Amino acid sequence: MKVVITGAKGQLGLELSKQLANYSEYEIIATDRDELNILDANQVSEFISKENPYAVINCAAHTAVDLCETDVENAYKINALGPRNLAIACEKVGAKFVQVSTDYVFDGSGTRPYREDDATCPNSIYGTSKLMGEEFTKQFCSKYFIVRTAWLYGEGNNFVRTMIKLAETNKELNVVDDQVGSPTSTVDLAKAIIDLIGTEYYGTYHGTCEGQCSWYDFAKKIFEIKNIDIKVNPVTSEEFKRPAPRPAYSVLDNFMLKLVNLNTFRNWEESLKEYLEK
């Protein structure tokens, strides 16, 4: 059974390819923009019709949150029209479609972990464009899995590697302490997605590691595990002002994964420790 991965060179795409290689029943078709331009509806339709996959996992996204505020057209093309084209093509051949989404579809004003049925209210171009991608997915494909995740790290550029790199040339760092979420390993997320595509439990899911922390707590834990001696100063989002607003509280509850007995996400500290000790 063929599984097409778009955005296959990104953190999640790389991990999915790695894990799917362990499943004899799946044939991986890893694509990036050179192999498949998801913005070209005709190309997407022809490619999916030709390959006739069992499932398509869309990891392609415009994830530069601040850049999205000015690069609005590309944000909507990649995060909304791309999923739309893939969803339509999947429906034509009866393929399952996984659209990877984000905690940014919520405004972050909540005080308890967000469930899948909570009202969305994005406050950034990135969040709004990703939500539109969700809506197109639901509108055009009947066999869909929308998987919202957050604070992702794996192979490639991410917060964990940035902190370690900065520690090489700095004696102290300022890190935001008033944004709370759940650091999530691509290892855990890829496993959840692979588990899902083997089912017919279609719908919207949250997929993050268990537990929560601030970016400041996250940085402190990274340095603790790596035994790096550096001073970390907690600062507010206002002090660390950036173009796109961030959700102050974006902890996600894997409620639906728990309901279908597919929640295998570990505590974020456990997953982080494994990542840093590789």
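Note that these values count all heavy atoms, side chains included, but never hydrogens, waters or copies made by symmetry. In this chain, numbering begins with 1 at the start of the sequence shown. From a predicted model like this one, the values you see are computed outputs, not experimental measurements.
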Self-check item: Check against side-chain hydrogen bond (donor to acceptor under 3.5 Å, both in side chains), R148 and T102
Solution: CA-CA 5 Å; R148 295 173 182 150; T102 174; over 6 Å; no
Practice problem: Could you check E210 against R266 for salt bridge (charged side-chain N to carboxylate O under 4.0 Å, His left out), going step by step and ending with a plain yes or no? | Solution: CA-CA 6 Å; E210 298 292 335; R266 296 167 292 173; over 6 Å; no
Quiz item: Going through the distances and angles, do K96 and E200 end up as a salt bridge (charged side-chain N to carboxylate O under 4.0 Å, His left out)?
Solution: CA-CA 9 Å; K96 298 179 180 184; E200 295 183 355; 5.3 Å; no
Quiz prompt | Stepwise side-chain hydrogen bond (donor to acceptor under 3.5 Å, both in side chains) test for D178 and Y249 | solution = CA-CA 8 Å; D178 59 0; Y249 182 89; over 6 Å; no
Quiz item: For E116 and T204, what are the C-alpha separation, side-chain angles and deciding distance, and is it a side-chain hydrogen bond (donor to acceptor under 3.5 Å, both in side chains)?
Solution: CA-CA 6 Å; E116 292 84 351; T204 301; over 6 Å; no
Exercise. Could you please spell out the steps behind the side-chain hydrogen bond (donor to acceptor under 3.5 Å, both in side chains) verdict for E15 and Q19?
Key: CA-CA 6 Å; E15 184 60 36; Q19 290 193 29; 2.8 Å; yes
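Checking each of V232, N174, V235 against Y216 for a side chain to side chain contact (heavy atoms under 4.5 Å, CB included) leaves exactly one that passes, namely V232. When each of L257, V260, L262 is checked for a side chain to side chain contact (heavy atoms under 4.5 Å, CB included) with D195, only L262 meets the rule. With Y104 as reference, P247 is the one residue of P247, P122, S250, S129 to meet the side chain to side chain contact (heavy atoms under 4.5 Å, CB included) rule.
The six-membered or imidazole ring of F106 lies near that of H206, with a centre-to-centre distance under 6.0 Å. Between F97 and F145, the distance separating the two ring centers is not shorter than 6.0 angstrom. Between W151 and W215, a ring centre-to-centre spacing shorter than 6.0 Å is recorded.
Side-chain contact, T137 with E134: no donor N or O sits under 3.5 Å from an acceptor N or O. A side-chain donor-acceptor contact under 3.5 Å links D217 and S214.
When atom types are taken as modelled, the side chain of Q99 and the backbone of P83 share no donor-acceptor pair closer than 3.5 angstrom. Side chain of S49 to backbone of E46: no donor-acceptor contact under 3.5 angstrom is found. Of the possible donor and acceptor atoms, one in the side chain of N158 sits under 3.5 Å from a partner among the backbone N and O of R161. Remark: the backbone N or O of T186 is not paired with any side-chain donor or acceptor of D188 at under 3.5 angstrom. Between the side chain of E91 and the backbone N or O of I88, no donor-acceptor pair lies under 3.5 Å. Here the side chain of S182 pairs no donor or acceptor atom with the backbone of T208 at under 3.5 angstrom. Y153 contributes a side-chain N or O that, together with a main-chain N or O of L272, makes up a donor-acceptor pair within less than 3.5 Å.
Both cation-pi conditions hold for R84 and F140: the charged atom is under 6.0 angstrom from the six-membered ring centre and inside a 45 degree cone around its axis.
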